[in-house]
Amino acid sequence: MAIVVQKYGGSSVADAEKIRNVARRIEASFKKGNKVVVVVSAMGDTTDDLIDLANKINPNPEPREMDLLLSTGEIVSSTLLAMALHAMGYSAVALSGQQAGISTDSSFSQARITGVEPERIIRELDKGNIVIVAGFQGITPNNDIATLGRGGSDTTAVALAASLKARVCEIYTDVEGVYTADPRLVPEARKLDEIGYEEMLEMATSGARVMHHRSVELGQVFNIPILVASSMVEKPGTIIHGGKNMEQKNKVRGIAHDMDVAKITITGVPDRPGVAAAIFTPLAKACISVETIVQNASANNITDLTFTIVKKDIPRAMKIIAPVAKKIGAREYRSDTKLGKVSIIGTGMQNTPGYAAKMFQTLFAQDINIQMITTSEIRITCIIAEDKVKDAVRALHKAFELDKG
Ligand code: ASP
Ligand code: MG
């Protein structure tokens, strides 16, 4: 009997009726003869609500208690889902992340899974149980509960699929799959039938919200096919896999965008060894993740340095930069929080000239100013004004003919 891991997102288990709907979907898979392991997110906005509540009580909650608190969201949804299955006459067991054998490191709120001991799950499956696992959590070496970062239930699901050697990891959510662009921005966006891990990873890290990027990474490492599909309608979804792409003709596979971009520019920076280290070491120590860094070629040994971070980190980063800028003798530093980014992604772009030029021309034709550019082998990203992102995504989608199937 094949093991199937399914994951249901928060919107799919938002209320009692939706939980019953999920239970019926699990029933269907179980009746096909699969051994079914299900990972659930917290119901609806539970995680956000718990964060708000905690902040009302203490604006600086201890990470340990915060994670223990947030882990309860998934305990609630997993136990209710097991109860729904019981009510339908099935034997099911709900397990916390710890009971499911998931170990993590100790970085509260962004813990990484360090190992999975699936023996308990296997025992339950062998008894004929459907196993429901609370997503987004595991146990640290100190026996504390840690959470995996927002959206982390996807990662739980793929990690379990890998350790159970599941046939497939099915991610059920409120969209029908992975699209060529966000359909809310581009009505002509098409659902992709399949996409490679690398492309999906670039999409996810470039702002496509459909899957947590760490889960895609894990899927790639363990070569677990991941199906992304709707939990509401019966449609085929998108399969993320490691095989060759079947849609090679159109070499740009998708357009991703992200409105959450801010930048800090430090001008008049003396160009000497150690300066970049002096700026970025304290940011790293404060766990501020820096994305794009651009340093101008220096004139007269003076240079400008610009880097991007997420918007919410700006106040902290500016506080950290103030003394550093002074110490290294920079002229001034300033921030801009009204930025966004747009990326074109596709393995077909590798070693093929012309994609960047076409992207820049398309943005130029929309009168959009490009502030920064970064690339990987299969991605080109432009940082632009936030209020231009929507136009940019639409224009690029058309220019690269992603509307044509
Ligand atoms: N409940 C957590 C969140 O909202 C984890 C998840 O949904 O995957 O981020
Ligand atoms: Mg959630």
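Values reported hereafter were calculated over all heavy atoms of this structure, with side chains retained and with hydrogens, waters and symmetry mates removed. Each ligand, and each atom within it, is numbered from 1 in the order the structure gives.
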Go through the steps for T265 and T306 under the test side chain to side chain donor-acceptor pair (under 3.5 Å), then give the verdict. CA-CA 4 Å; T265 300; T306 303; 3.3 Å; yes
Apply side chain to side chain donor-acceptor pair (under 3.5 Å) to T238 and E194, showing your working. CA-CA 5 Å; T238 303; E194 42 99 25; over 6 Å; no
>> Set out, in order, the CA-CA distance, both residues' side-chain angles and the distance that settles side chain to side chain contact (heavy atoms under 4.5 Å, CB included) for V133 and V38, then state yes or no.
In response: CA-CA 6 Å; V133 178; V38 178; over 6 Å; no
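Among the atoms of G151, some N or O lies under 3.5 angstrom from an N or O of ligand 1. At a 3.5 angstrom cut-off on N or O pairs, D154 does not count as close to ligand 1. Inclusion of K7 in the set of residues having an N or O under 3.5 Å from an N or O of ligand 1 is not warranted.
Close to ligand 1: G152, with a non-hydrogen atom less than 4.0 angstrom away. For the ligand labelled ligand 1, residue G135 lies outside the 4.0 Å heavy-atom shell.
Which parts of ligand 1 touch R150 is read off a 4.0 Å heavy-atom cut-off, strictly below it: atoms 3 (C), 4 (O), 9 (O).
Note on ring orientation: taking the six-membered ring where Trp is involved, the planes of F307 and F280 are perpendicular (angle over 60°, cut-offs 30° and 60°). Relative ring orientation between F400 and Y355 is described as parallel, the plane-to-plane angle staying below 30° on a 0-90° scale split at 30° and 60°.
Relative to the six-membered ring of Y179, R190 misses at least one condition, a distance below 6.0 Å or an angle of at most 45° to the axis.
Residue E74 holds the heavy atom nearest to atom 5 (C) of ligand 1 of all those in H212, Q137, E74.
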